[in-house]
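FYI, the numbering just counts along the sequence from 1. The model shown is predicted, which means the values in this text are computed figures rather than measured ones.
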Amino acid sequence: MQDATKDDLRQLLRDIRAEAAARDPDAGEKLADVFPKKLFDRYGPIVAGYCSVNDEICPFELMQRLAYFGAALCLPRVNEDDTLSFHFWEPGEPLVDGRFGLKEPPASAPIAEPTLVLVPLLGFDGQGTRIGYGKGHYDRALTKLRENGRIFACGLGYKAQMMEDLPFEAHDQPLDWAVTEQGSVPLFMMRAMAS
């Protein structure tokens with residue numbers, strides 16, 4: 001995968017994700033069934049989810065279960081200055097249309113500082129590298145959250161989205177963990193340990 005340009009790689013990963021989503025429309029529920037509660041027990045209590053778009057695995061069943069366990073939930077907003085902020089949200093509360101076709105809490109929703117961040121992705125590898133859409137929203141948001149304290153970034157995706165090796169750049173923020181519809185994926189933080 002290292003030889004492909006990132007644009008070519010993103011298109012390939014979009015196709016892989018679309019095929020996985022078409023094969024398993026219940027993947028979000030399966031993911032919720034296999035998500036290790038110990039992650040919430042250790043890294044809660046404020047969990048950032050996301051509203052899925054473009055064949056992303058849906059985290060809402062998982063978020064509802066974590067809310068049952070006592071999680072305070074929040075969702076991201078893409079701000080005018082192209083930063084990502086997280087705002088408290090509860091299932092059933094209204095969402096507004098945001099940039100890039102996203103649904104997000106209104107700007108008036110209180111700001112949250114999540115401790116466990118559920119991260120959407122196009123692809124990931126066993127070293128914790130995540131490929132997103134290329135805008136850098138999550139990389140910048142995770143950088144800021146990590147500067148302010150301890151957080152845990154957990155990628156959510158289909159098992160088919162796990163690649164052997166993805167390109168990694170200095171500004172990329174690694175995942176701490178990943179969960180798919182088939183269970184947890186061990187991530188070996190070789191890059192983090194080497195730095």
S.K.: To check you understand the geometry: which heavy-atom pair defines the closest contact between A32 and E61, and what is its length?
M.R.: CB-CG, 3.6 Å
S.K.: Take D125 and F168 through the test side-chain contact (heavy atoms from CB on, under 4.5 Å) and record every step on the way to the result.
M.R.: CA-CA 10 Å; D125 68 19; F168 180 83; over 6 Å; no
S.K.: Using the ring pair (Phe, Tyr, Trp, His ring centres under 6.0 Å) criterion, which residues pair with Y43? Sequence neighbours excluded.
M.R.: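 Ring pair (Phe, Tyr, Trp, His ring centres under 6.0 Å) list for Y43, sorted by chain: F152.
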S.K.: Okay, side chain of R140, backbone of K135: is any donor-acceptor separation there less than 3.5 Å?
M.R.: yes
S.K.: I'd like to know if the side chain of D55 and the backbone of R17 have a donor-acceptor N/O pair within less than 3.5 Å.
M.R.: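 It does not hold such a pair.
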S.K.: Sequence neighbours left out, what pairs pass salt bridge (Lys or Arg N to Asp or Glu O under 4.0 Å) with at least one residue falling in residues 28-40?
M.R.: D24-K30, D33-R65, K37-D41
S.K.: Got a sec, which residues hit ring pair (Phe, Tyr, Trp, His ring centres under 6.0 Å) with H137, two or more places apart in sequence or on another chain?
M.R.: F100
S.K.: Supply the members, apart from I46, of the Ile/Leu/Val/Met/Phe/Trp/Tyr cluster built from side-chain contacts under 4.5 Å; use none for a lone residue.
M.R.: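 Answer for I46: F88.
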S.K.: Side chains of Q127 and D165: does their closest heavy-atom pair fall under 4.5 Å?
M.R.: yes
S.K.: Could you go through the side chain to side chain donor-acceptor pair (under 3.5 Å) check for Q11 and D7 one step at a time?
M.R.: CA-CA 6 Å; Q11 187 55 56; D7 286 342; over 6 Å; no
S.K.: How far apart are the closest heavy atoms of I151 and P114, and which atoms are they?
M.R.: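 Looks like CG2-O, 3.3 Å.
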S.K.: Could you work out, with ring pair (Phe, Tyr, Trp, His ring centres under 6.0 Å) as the rule, every residue matching F60, not counting sequence neighbours?
M.R.: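 With sequence neighbours excluded, F60 shows a ring pair (Phe, Tyr, Trp, His ring centres under 6.0 Å) to W89, given in chain and number order.
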S.K.: Are L102 and V96 grouped together when hydrophobic residues (ILVMFWY) are joined by side-chain heavy atoms under 4.5 angstrom apart?
M.R.: no
S.K.: What side-chain donor-acceptor pairs closer than 3.5 Å can you find for residues 70-79, not counting sequence neighbours?
M.R.:
{"residue": "R77", "atom": "NH1", "partner": "P105", "partner atom": "O", "Å": "2.6"}
{"residue": "N79", "atom": "OD1", "partner": "S85", "partner atom": "OG", "Å": "3.3"}
{"residue": "N79", "atom": "ND2", "partner": "T83", "partner atom": "O", "Å": "3.3"}
{"residue": "N79", "atom": "ND2", "partner": "T83", "partner atom": "OG1", "Å": "3.1"}
{"residue": "N79", "atom": "ND2", "partner": "S85", "partner atom": "OG", "Å": "3.1"}

S.K.: Who are the side chain to side chain contact (heavy atoms under 4.5 Å, CB included) partners of D97, not counting sequence neighbours?
M.R.: K103
S.K.: Evaluate the criterion side-chain contact (heavy atoms from CB on, under 4.5 Å) for residue pair R10 and I131; output intermediate values, then yes/no.
M.R.: CA-CA 8 Å; R10 284 189 178 95; I131 296 287; 4.0 Å; yes
S.K.: How far apart are the closest heavy atoms of V119 and Y50, and which atoms are they?
M.R.: C-CE2, 4.0 Å
S.K.: A quick test of your reading: do over 12 heavy atoms of other residues, nucleotides or ligands sit less than 6.0 Å from CD of E90?
M.R.: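 12 or below, so no.
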S.K.: Who passes ring pair (Phe, Tyr, Trp, His ring centres under 6.0 Å) against F40, sequence neighbours left out?
M.R.: none
S.K.: State, with a plain yes or no, whether a side-chain heavy atom of L118 is found less than 4.5 Å away from one of V179.
M.R.: no
S.K.: Closest heavy-atom contact between C51 and L95?
M.R.: SG-CD1, 3.6 Å
S.K.: Could you state the interatomic distance from CZ (R14) to CD (E19), rounded to the nearest 0.5 Å?
M.R.: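 Reported to 0.5 Å precision, the distance equals 14.5 Å.
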S.K.: Sequence neighbours excluded and cut-off under 3.5 Å, please list the side-chain donor-acceptor pairs for residues 153-163, or say none.
M.R.:
{"residue": "Q161", "atom": "OE1", "partner": "Y158", "partner atom": "N", "Å": "2.7"}
{"residue": "Q161", "atom": "NE2", "partner": "L121", "partner atom": "O", "Å": "3.0"}
{"residue": "Q161", "atom": "NE2", "partner": "L122", "partner atom": "O", "Å": "2.9"}

S.K.: If every non-hydrogen atom of F86 is compared with every non-hydrogen atom of V117, which pair is closest and at what distance?
M.R.: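 Minimum heavy-atom contact is CZ-CG1, 4.4 Å.
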S.K.: Group every Ile, Leu, Val, Met, Phe, Trp and Tyr by side-chain heavy-atom contacts under 4.5 Å, then state whether L84 and I111 land in the same group.
M.R.: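 Different clusters.
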S.K.: Which residues satisfy the salt bridge (Lys or Arg N to Asp or Glu O under 4.0 Å) test with E169, sequence neighbours excluded?
M.R.: K6
S.K.: Counting N and O atoms only, with roles assigned by atom type, does the side chain of D139 sit under 3.5 Å from a partner on the main chain of Q173, one being a donor and the other an acceptor?
M.R.: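 Answer holds: yes.
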S.K.: Only counting residues at least two apart or in another chain, list the ones meeting side-chain hydrogen bond (donor to acceptor under 3.5 Å, both in side chains) with S52.
M.R.: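 With neighbours one apart ignored, the set is empty.
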S.K.: Distance from W177 atom CH2 to F124 atom CZ, nearest 0.5 Å?
M.R.: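 The distance works out to 12.0 Å.
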S.K.: Yes or no on side-chain contact (heavy atoms from CB on, under 4.5 Å) for L9 and L166, after CA distance, side-chain angles and deciding distance?
M.R.: CA-CA 9 Å; L9 179 57; L166 291 173; 3.9 Å; yes
S.K.: Taking salt bridge (Lys or Arg N to Asp or Glu O under 4.0 Å) as the test, write out the residues that go with R99, two or more places apart.
M.R.: D82
